K.L.:
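Sharing a structure, written as structure tokens. Questions coming.
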Amino acid sequence: MTALLRIDRTRRASLALVLWAFGLATTTLLIGLWGRTVTSDESTLHDTAEAAITAELATDRITSWVAGVVGATTDTVNPQIAAAVDRVTATPEYQRAIDRVVADLVVAALADAGTTPDLPIASALEPMVPVIVDELAAGGISVPPEQVEAAVSRAADVILDDAESTSVTGVASRARSLLTTVLVVGLATLLLFGSVAIALAEEPLAMVRSLATRLAVSAATFAVVLRVGAWAMDPGKGRSPLPRSGAVLLASNHLVLFLVAGAGVAIAVASGVVISGRRRRAA
């Protein structure tokens, strides 16, 4: 009797450890599955790259470029330079230039690795030449348009550099490869520990239902956490580009998690129906 009790305690302890490992495998599987789906989603990659480039490259670099142009073409004191820059960046032409540059940079970022897309940065900024000249003139500063045009021709070198020419497609491809490994490992360990848990259980079918329920709850919880995280990162819904970039990632491709949750629910319900049928027949 004592030996049987020891065996039972050992089995229960082993089952608890196996269920913990099953939970860890579930998390690994969900992360790999969701992450791989995200890195394969061209729409998500486009929106993420656009948000990041808007903040890190186009807006900051073009604003710095405008300030540099104004400062280099005048001998005025800083308050006058700052006022002229503020007037330029408040114009519709400035925003249109931003939009064009962002679009060009997104195309370059999403281009296949090894390709060199044409980036007509200078042509995107050309409409700003008369704007800069006019705004300087409005502040009592006379600058020849030729000086501003010369600055425009050098704009691409200011806005782009080698460190920022990394292909998003290449990064996504490497991440997708890693996440595929994570997905395979997660699935393999989930099946392994799930099978061991079923073998250790007193009622295997009841354990199948329990494992399926755990998987469904984990997937649904993961989807909800990601959605809440997306809202917490960007509650202003796009007013700040960098948080919006992260929010786009967190808010994307939840459907795959809900499909996993649905599959878990279906297996749990089917197992419950079979168990109920057996109990009715036994009664």
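Computed from a predicted structure; not experimentally measured. The first residue in the sequence is number 1, and the count goes up from there.
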K.L.:
May I ask you to test the Leu257-Leu226 pair for a side-chain heavy-atom distance under 4.5 Å?
P.N.:
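Touching, per the 4.5 Å side-chain cut-off.
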K.L.:
Do you know the tightest heavy-atom contact between Gly186 and Thr28?
P.N.:
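For Gly186 versus Thr28, the nearest heavy atoms are CA-CG2, 3.9 Å.
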K.L.:
Just to verify, which of Thr26, Ile31, Thr27 counts as forming a side-chain contact (heavy atoms from CB on, under 4.5 Å) with Phe222?
P.N.:
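Among Thr26, Ile31, Thr27, the one that satisfies the side-chain contact (heavy atoms from CB on, under 4.5 Å) with Phe222 is Ile31.
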K.L.:
Atom CG of Leu17 and atom CZ of Phe193: how far apart are they, to the nearest 0.5 Å?
P.N.:
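The distance works out to 7.5 Å.
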K.L.:
Which value, rounded to the nearest 0.5 Å, describes the distance between Leu30 atom CG and Leu190 atom CG?
P.N.:
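These two atoms lie 8.5 Å from each other.
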K.L.:
What is the minimum heavy-atom distance between Ala197 and Leu19, and which atoms define it?
P.N.:
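Answer, listing the atom of Ala197 first, then Leu19: CB-CD2, 4.1 Å.
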K.L.:
Please determine if Glu203 and Arg209 form a salt bridge, counting it only when a charged side-chain N lies under 4.0 Å from a carboxylate O.
P.N.:
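Arg209 and Glu203: not salt-bridged.
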K.L.:
Minimum heavy-atom separation for Ala219 and Ala261, please, with both atom names.
P.N.:
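That closest heavy-atom pairing would be CB-N, 3.7 Å.
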K.L.:
Would you say Ser218's side chain and Leu215's backbone share a donor-acceptor pair under 3.5 angstrom?
P.N.:
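Absent.
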K.L.:
Any link between Val273 and Val265 through a network of hydrophobic side chains (Ile, Leu, Val, Met, Phe, Trp, Tyr) touching at under 4.5 Å?
P.N.:
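Yes; tracing contacts between hydrophobic side chains, which count when under 4.5 Å, links both residues.
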K.L.:
Give a yes or no answer on whether the side chain of Trp34 reaches the backbone of Ser252 with a donor-acceptor pair at less than 3.5 Å.
P.N.:
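Side chain of Trp34 to backbone of Ser252, a donor-acceptor pair under 3.5 Å: yes, one is there.
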K.L.:
Answer yes or no: is there a side-chain heavy-atom contact under 4.5 Å between Thr37 and Leu179?
P.N.:
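Not touching, per the 4.5 Å side-chain cut-off.
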K.L.:
Can you tell me how far the CG atom of Leu29 sits from the OG1 atom of Thr189, to the nearest 0.5 Å?
P.N.:
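One finds 8.0 Å between CG of Leu29 and OG1 of Thr189.
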K.L.:
Same hydrophobic cluster for Val196 and Leu191, using side-chain heavy-atom links shorter than 4.5 Å among ILVMFWY?
P.N.:
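Yes, Val196 and Leu191 fall within the same hydrophobic cluster.
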K.L.:
Taking a hydrophobic cluster as the set of Ile, Leu, Val, Met, Phe, Trp and Tyr residues connected by side-chain heavy atoms closer than 4.5 Å, whether directly or through intermediates, do Leu33 and Phe258 fall within one such cluster?
P.N.:
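No; tracing contacts between hydrophobic side chains, which count when under 4.5 Å, never links both residues.
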K.L.:
Among Val182, Leu178, Leu183, find the one that has a side-chain contact (heavy atoms from CB on, under 4.5 Å) with Arg36.
P.N.:
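Going through Val182, Leu178, Leu183 one by one, the side-chain contact (heavy atoms from CB on, under 4.5 Å) with Arg36 is satisfied by Leu183 alone.
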K.L.:
Do Phe22 and Leu187 sit in one hydrophobic cluster, given that two such residues count as connected whenever their side-chain heavy atoms are within less than 4.5 Å of each other, even indirectly?
P.N.:
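They do share one cluster, since a chain of ILVMFWY contacts under 4.5 Å joins Phe22 to Leu187.
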K.L.:
Membership question, hydrophobic clusters at under 4.5 Å side-chain separation (ILVMFWY): are Ile267 and Val217 in the same one?
P.N.:
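Result: no, two separate clusters.
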K.L.:
Would the distance check show the side chain of Thr180 and the main-chain N or O of Arg176 forming a donor-acceptor pair, the cut-off being under 3.5 Å?
P.N.:
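Flag set: sc Thr180 to bb Arg176 pair under 3.5 Å.
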K.L.:
Shortest non-hydrogen contact from Ala212 to Gly264?
P.N.:
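Scanning both residues, the minimum pair turns out to be CB-O, 3.3 Å.
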K.L.:
A side-chain contact here means heavy atoms from C-beta on lying under 4.5 Å apart; do Leu15 and Met207 qualify?
P.N.:
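Side-chain contact under 4.5 Å: yes.
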